[in-house]
Amino acid sequence: MINSENAVLEARDVTIRYGGHAAVKNVNLSIYEKKITAIIGPSGCGKSTLLRSLNRMNDFIDHVTQDGEILYRDTNLYDEGVDPVEVRLHMGMVFQRPNPFPKSIFRNVAWGPTINGLPGDINLRVERALKQAALWEEVKDRLDDSALNLSGGQQQRLCIARALAMEPEVILMDEPCSALDPVSTARIEDLLFELKQNYTIVIVTHNMQQASRVSDYTAFMESGTLIEYGDTDQVFTRPKQKRTEDYVTGRFG
Amino acid sequence: MTLLAASKYRWGEAILRQLFFVCAFISVLTTVIVIGILAVETSSFFEEVSVTDFLFGTEWRPLLEPKAYGILPLLGGTMLIVVGSSIVALPVGLACAVYLSEYASDRARNIIKPVLEVLAGIPTVVYGYFAISFVTPGLRLVFDDVQIFNAASAAIVVGVMVLPMVASLCDDALRSVPSSLREGAYSVGATSYEVTARVVVPAALSGIFAAFVLAVSRAIGETMAVTLAAGATPNLTLNPLESIQTMTAYIVQVSLGDTPSGGLAYKTLFAVASVLFTITLVMNLLANKVMRKYQEVYE
Ligand SMILES: Nc1ncnc2c1ncn2[C@@H]1O[C@H](COP(=O)(O)OP(=O)(O)OP(=O)(O)O)[C@@H](O)[C@H]1O
Ligand SMILES: [Mg+2]
């Protein structure tokens, strides 16, 4: 399907169940370095579940069982010796709704690096992350204000900065723009292009235009199954599967 | 025809509304009457005893000669119980709540929650009896000069008594912290201890504080256990192994005794009750205010 060079993450035959109900079924998927991979599909098809399996976020949900492997540069993230906390140092995450801590703007960004003892000057690190998230200019004079006073779009960029401050290798985003207005959404999309130079990004989105605009590869899922995965251009203009075509044109045209 | 049916329906509703209004009115009226009587009797007490003597006097001897009306020994007794019970109930209650909301499996929760409710439902007189027959003998094994009636054993059982309330209110506060916040913390590589101690507990702090204030307020008002176990010796002391008397225990003592109504000794009841009422009222208002603040944070 796609040449397998530079796969950072590779899902191999992954099945995820909530209790008895399989939300993700036998999915094989490679995530490529310094590319943006979009996951699209109807509501409830298992996009979030799959995404959260990549940084072991499903560990916190009771009754979840998972089969198959998630390889991160040849290590299975679900091997017994693997520390999930360590996994999340490599895979940052941005959530659907902005979820800043009820702390100051500065502490929101500084908290992760501090508790993990990341090296270097923390002030520089915070500044760099906020600049990368295109938020620095708006908040540089009020770093000690509560993050809860920021607008929704600013909060989401703060959450992106919070992830970036950890300097992860991969950033997982679950519908990061769904709670935002078009202007904030456009800013975050611009941001994704910038971030692509240094980070591997996986983004779940309901917005077809967004997927086609920002991503290099697109995965289309339906009721837990990966129906089609390929170059974004190809998936949107020449889908191989009828179901992909129906979904993409139905939403698009 | 439909119009007619509608008006019939409203007629029934109007009666119900009147009924609810009467119920609400009665409870407000009762409160007003109680406060009124307290105020009248207290002010007639202060016609005979000066406010400064009452508030700052260190001797409480209203029934024996030479009489003295300084409330400090009673206040001190109450404070010993409050401090002692807080030392028991606040840390253990909070720890219990952290376990319940952050660590316990559904199964463990389903066992512990009902146990706490049973603990909360035990009549206070049973706690008092328990203090005398188990806690005091236990203390005597450890310390030398433990009096039969002592503040420590009463404080311990009052602590156990308010513990379920602290645990349950703190649990509510911790659970009201949205799980998205926990996930945000985990996503930057926090361990579950870091998530709990540095994100969840701070985010729930005002709710936890409100729980503490309510617990203290309950300990102040607790009557039966302290009457039975802490003694009836108005005694301004910091030593919890001595016998003391709390404000509530004093009220019980005089109410049960043969003090003639109308006399000064009788009026002391109302003066003490006013102090008690004022303190608990202030505490509850404080708790309410703090609680409302924390409800706003995540809306
Ligand atoms: N915590 C959970 N417990 C039980 N079932 C769940 C849980 N979370 C998700 N599911 C189920 O798993 C399936 C996939 O859910 P998931 O959230 O991954 O879908 P999604 O593609 O992200 O949907 P959406 O686009 O609406 O966010 C759904 O059928 C959902 O009902
Ligand atoms: Mg989802």
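In the text below, chain A, chain B and the rest are named by the order of the sequence lines, each starting its count at 1.
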Proximity breakdown for B/Arg182 and chain A, heavy-atom pairs closer than 4.5 Å: neither
Interatomic distance, A/Asp62 atom CG to B/Ser105 atom OG [nearest 0.5 angstrom]: 8.0 Å
Nearest atoms (heavy-atom pairs only) where A/Arg52 meets B/Glu183: NH2-OE2, 2.9 Å
Per-residue contact mode, A/Arg97 against chain B (heavy atom under 4.5 angstrom): neither
Residue B/Tyr103 excluded, over 12 heavy atoms near OH under 6.0 Å: yes
Backbone N/O of B/Val188 and side chain of A/Asn116: donor-acceptor pair under 3.5 Å: yes
Contact summary for B/Gly184 and A/Arg162, nearest pair of heavy atoms: CA-NH2, 3.6 Å
Heavy-atom proximity to chain B below 4.5 Å, by part of A/Met166: side chain
Under 4.5 Å from any heavy atom of chain B - which part of A/Phe60: side chain
Neighbour count >12 (heavy atoms, 6.0 Å) for atom CG, A/Asp74: no
Segment of A/Asp59 engaging chain B (4.5 angstrom heavy-atom cut-off): neither
Contact class of A/Pro100 relative to chain B, heavy atoms under 4.5 angstrom: backbone
B/Leu16 atom CG: more than 12 heavy-atom contacts under 6.0 Å: yes
Over 12 foreign heavy atoms within 6.0 Å of OH, A/Tyr78: yes
Crowding at OH, A/Tyr18 (>12 non-hydrogen neighbours, <6.0 Å): yes
Side chain A/Asn99, main chain B/Leu181, donor-acceptor under 3.5 Å: no
Contact summary for A/Trp111 and B/Ala185, nearest pair of heavy atoms: CZ3-CB, 3.8 Å
Neighbour count >12 (heavy atoms, 6.0 Å) for atom CZ, B/Arg17: no
For chain A, the option from B/Ser179, B/Ala190, B/Ser192 that forms the most heavy-atom pairs under 4.5 Å: B/Ala190
Within-4.5 Å side-chain heavy-atom neighbours: B/Pro202 and A/Phe101: no
side-chain contact (heavy atoms from CB on, under 4.5 Å) assessment of B/Tyr186 paired with A/Arg56: CA-CA 10 Å; B/Tyr186 280 117; A/Arg56 295 197 53 168; over 6 Å; no
